[in-house]
> 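Pasting in a structure now, in structure tokens, and then I'll have a few things to ask.
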Amino acid sequence: MSELRIPPDQRPGLDDRYRMPRVVRAAQLVAVLLALMGILCTASSGWLLGAKPALLTAVPFVPAWLLGLVALTFNSEGQAVRIGAILIAVLNMVWTVPAITDGRPPGPLAPIASLVIIVLLFRREARDWFEPSYW
């Protein structure tokens with residue numbers, strides 16, 4: 001895997017130690033969007049089809065909702081947040097396989113999004129963000 005060195009945005013008055021890296025922000029955005037998609041799918045299924053189909057639609061999105069909640073804590077320090085997000089993304093990949101074979105939401109989108117989150121959180125910038133060297 002190549003090391004892409006993207007120069008940080010230089011703005012006056014901002015310290016780069018306190019700015020979330022782009023890879024962490026991208027992982028956070030993917031996780032939150034997947035959770036919002038789950039809320040939208042469940043709400044629309046409940047509105048159009050009733051309570052039982054909404055419950056069947058909601059079950060595959062439970063790990064995505066947990067991942068979205070963990071992604072909202074990416075501003076905190078500590079490797080436990082990063083490792084927890086990676087483990088929940090793996091759970092999301094495994095949990096949604098029956099939804100793919102049954103043809104229900106989220107289909108193949110959840111494993112792909114989880115794989116993107118895992119790859120982004122294994123980057124060096126993400127490791128440095130969650131466990132800074134100045135400790």
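Bear in mind the structure is a predicted one, so any value in this text is a computation, not a measurement. Residues take their numbers from the sequence shown, with the count starting at 1.
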> Return the minimal non-hydrogen interatomic distance between I100 and P108, and the atom names on each side.
CG1-N, 3.8 Å
> Would you name the heavy atoms of V70 and A85 that are closest together and state the gap between them?
CG1-CB, 3.9 Å
> Please answer: with hydrophobic residues joined when any side-chain heavy atoms are less than 4.5 Å apart, are M20 and L67 in the same cluster?
yes
> To the nearest 0.5 Å, how far apart are CG in L56 and CG in D102?
9.5 Å
> Can you tell which of V59, V90, I88 makes a side-chain contact (heavy atoms from CB on, under 4.5 Å) with W95?
V59
> Among pairs that include at least one residue of residues 42-73, which meet ring-ring contact (aromatic ring centres under 6.0 Å, His included), considering only residues two or more places apart or in two chains?
none
> May I ask you to decide if A71's main-chain N or O and Q28's side chain share a donor-acceptor pair within less than 3.5 Å?
yes
> Would you kindly confirm whether V62 and I39 end up in one hydrophobic cluster when ILVMFWY residues are joined by side chain heavy atoms under 4.5 Å apart?
yes
> Closest heavy-atom contact between V32 and G68?
CG2-O, 4.1 Å
> Looking at side-chain heavy atoms only, is the closest gap between L91 and V94 below 4.5 Å?
no
> Distance from L29 atom CG to R25 atom CZ, nearest 0.5 Å?
8.5 Å
> Considering all heavy atoms of both residues, which atom of R104 and which atom of P98 are nearest to each other, and what is their separation?
NH2-O, 4.4 Å
> Looking only at heavy atoms, which two atoms of A126 and L121 are closest? And how far apart?
CB-O, 3.6 Å
> When hydrophobic residues are tied together by side-chain contacts of less than 4.5 Å, even through go-betweens, does V97 share a cluster with I118?
no
> Got a second to check how far I86's CD1 is from L120's CG, nearest 0.5 Å?
10.5 Å
> For side-chain contact (heavy atoms from CB on, under 4.5 Å), just list the numbers for L34 and M37, CA-CA rounded to whole Å, side-chain angles, deciding distance to a tenth of an Å, and then say yes or no.
CA-CA 5 Å; L34 185 63; M37 186 185 76; 3.8 Å; yes
> Kindly say whether V23 contributes a backbone atom to a donor-acceptor pair with the side chain of W129 at under 3.5 angstrom?
no
> Determine, for F122 and R82, whether the Lys NZ or Arg CZ falls below 6.0 Å from the six-membered ring centre while staying within 45 degrees of the axis.
yes
> Go through the structure and list residues passing side chain to side chain donor-acceptor pair (under 3.5 Å) with S45, not counting sequence neighbours.
T57
> For residues C41 and P106, determine if any side-chain heavy atom of one lies less than 4.5 Å from a side-chain heavy atom of the other.
no
> Quick one: closest heavy-atom pair of N92 and T96, and the distance?
O-OG1, 2.8 Å
> If you measure from CG on D128 to CD on E125, what distance do you get to the nearest 0.5 Å?
7.5 Å
> Are side-chain heavy atoms of V24 and F130 found at a separation under 4.5 Å?
yes
